[in-house]
Protein chains: 2
Amino acid sequence: MGAPRYLEIKNRLLEEIEKQPPNSPILSERELAIQYGASRMTVRRAVDELVVEGFLYRNGNKGTFVAARNTIKKNTATGSILAEEPESTMIYFNIKKIPEIAPFLDILEDEAILRIVRVNHIGERLLSVEEIYYVRSLISDDDINDLKHLLDLNGFVKQGTITQRFVPMLLPAHYATQLELAPGTPIIMVESLIRSRSGVPVIYVKTYNNPYENAIEITY
Amino acid sequence: MGAPRYLEIKNRLLEEIEKQPPNSPILSERELAIQYGASRMTVRRAVDELVVEGFLYRNGNKGTFVAARNTIKKNTATGSILAEEPESTMIYFNIKKIPEIAPFLDILEDEAILRIVRVNHIGERLLSVEEIYYVRSLISDDDINDLKHLLDLNGFVKQGTITQRFVPMLLPAHYATQLELAPGTPIIMVESLIRSRSGVPVIYVKTYNNPYENAIEITY
DNA sequence: TAGTGGTCTAGACCACGGG
DNA sequence: CCGTGGTCTAGACCACTAA
């Protein structure tokens, strides 16, 4: 049951890091190993992950240091897909053939697709309108009756990969009312294709982002 | 001199992977360790990286498998910054105070900034126009006389972090001619801020992307 | 010279899944 | 049951850097 040792150490380190000012050195890996009663390799794994995530940085053979907060790696491009905060309101859903979408999901044009349209918002702030397309045959009947479960795209992404295309366009009139914006406002529409681990397309999403409420920002 | 053992193994595995069809299993970590005459931990490190990069995927306790090519992790958002292919043609450069840009670089409004404007292209295909801003005081005089060296942003990024904001807008008239597009075309302008490892802003870039030649696509 | 991160070894135990 | 990946140990040697 217990979490792995390196994750426990990682979390404890994270607490320490938050108390320290940027560019201050942390203990050496050997010292940390003694402090936490673990081997150096285990401690190193925890530190490695914190470096990859941007909380720490290493400087040659001089040591490991606390990074500035603005170097922590973030990604709002996945928007409502991976973020936990926004609420969603479903506008409608249906099941039918959608020939234009079928190629993205790698299915025949006459196969059924489940389409859900929703608005993502945080309180009064309207972030985006989202069209979500599922291959009907990959969805169980139980899931159809419990759409809430389906709408948590997070779980799907964790299991596979996500490819996103950023498309500049003018906001279509029918979504302008949903987002309370002028039709023709320049926006970024994000096409997301979620694949299983083995590369099979599972979900296709089009997100129409409100540029005033939902800035897309990525730190690598 | 020699590359680390795990990198050598990684590259050899990569060659094997390319010959195998998707979803075929690779040898177990223990078998690979014997085959390459290395410890299991060393082999595992090679496999780990290939999994992170999307070339392989693991399936519970069943084994490790070759991933479909479309799950390989890519990123064209960094565009000309990280890609090697495009050629660049400098349009002009100057050194002066630019009060609007100074805040991004975390300097005073009356500090000098080096500004370079260039067009990125592959042959006849016009990909983007790029405005690059450097803090003058961080650049040596030698570099000013050898701008080519400065224009290789790749090296800067490797040393630190990059934060990108994606901004939808209409193509400004003065760049429309450069990209041979109609002014007012909806485009994505990417603001990139490159920081050193310790979090100090070093370079600020605005990239005006030609949507017809330069699709922005990311696979995580 | 002493300490750092980077790499590597040769074992070990665990939980889990398929015969 | 046995084989898989996931984790962990207690050492080791190296290149590099700062004192």
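Letters go in sequence order (proteins before strands), and every chain restarts at 1. Here the structure is a predicted model, which means the values were calculated and not measured.
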Distance check: side-chain N/O of [X] vs OP1/OP2 of [N], anything under 4.0 Å?
X: A/Y6; N: D/dC8; result: no
X: A/T64; N: C/dG5; result: yes
X: A/T42; N: D/dT7; result: no

Straight-line distance of [X] [atom1] to [Y] [atom2], nearest 0.5 Å:
X: A/I9; Y: A/R45; atom1: CD1; atom2: CZ; answer: 11.0 Å
X: B/L50; Y: B/E16; atom1: CG; atom2: CD; answer: 12.0 Å
X: B/L14; Y: B/E53; atom1: CG; atom2: CD; answer: 8.0 Å
X: A/L193; Y: A/T161; atom1: CG; atom2: OG1; answer: 8.0 Å

For the pair made of [atom1] in [X] and [atom2] in [N], what is the distance, rounded to whole Å?
X: B/M41; N: D/dG11; atom1: CE; atom2: P; answer: 17 Å
X: B/E8; N: C/dT7; atom1: CD; atom2: C1'; answer: 14 Å
X: A/R30; N: C/dG5; atom1: CZ; atom2: P; answer: 7 Å
X: B/E31; N: D/dT4; atom1: CD; atom2: C1'; answer: 10 Å
X: A/R58; N: C/dG3; atom1: CZ; atom2: P; answer: 20 Å
X: A/L50; N: C/dG5; atom1: CG; atom2: C1'; answer: 16 Å
X: B/R40; N: D/dT7; atom1: CZ; atom2: C1'; answer: 9 Å
X: B/R5; N: C/dT9; atom1: CZ; atom2: P; answer: 6 Å

**Asked** Of the options B/T207, B/N75, B/N209, which is the one that meets B/I216 in a side-chain contact (heavy atoms from CB on, under 4.5 Å)?
**Response** B/N209
Could you list the protein-to-nucleotides 16-19 of chain D atom pairs, N/O on both sides, closer than 3.5 Å?
unit_1, atom_1, unit_2, atom_2, d
D/dC16, O4', A/N61, ND2, 3.2
D/dC16, O2, A/N61, ND2, 3.1

**Request:** With DNA chain D as reference, determine whether A/P4 or B/S28 sits nearer its 5' end, using the nearest nucleotide of each.
**Result:** B/S28
**Ring-face cation contact, A/Y57 with B/R197, 6.0 Å cut, 45° max** = no
**Prompt:** Do any pairs count as a salt bridge (charged side-chain N to carboxylate O under 4.0 Å, His left out) and have a residue in residues 57-73 of chain B, sequence neighbours left out, and if so which ones?
**Reply:** B/E29-B/R58, B/D48-B/R58
**Message:** Over all strands shown, is A/R45 touching base, sugar-phosphate only, or nothing at heavy-atom distances under 4.0 angstrom?
**Reply:** sugar-phosphate
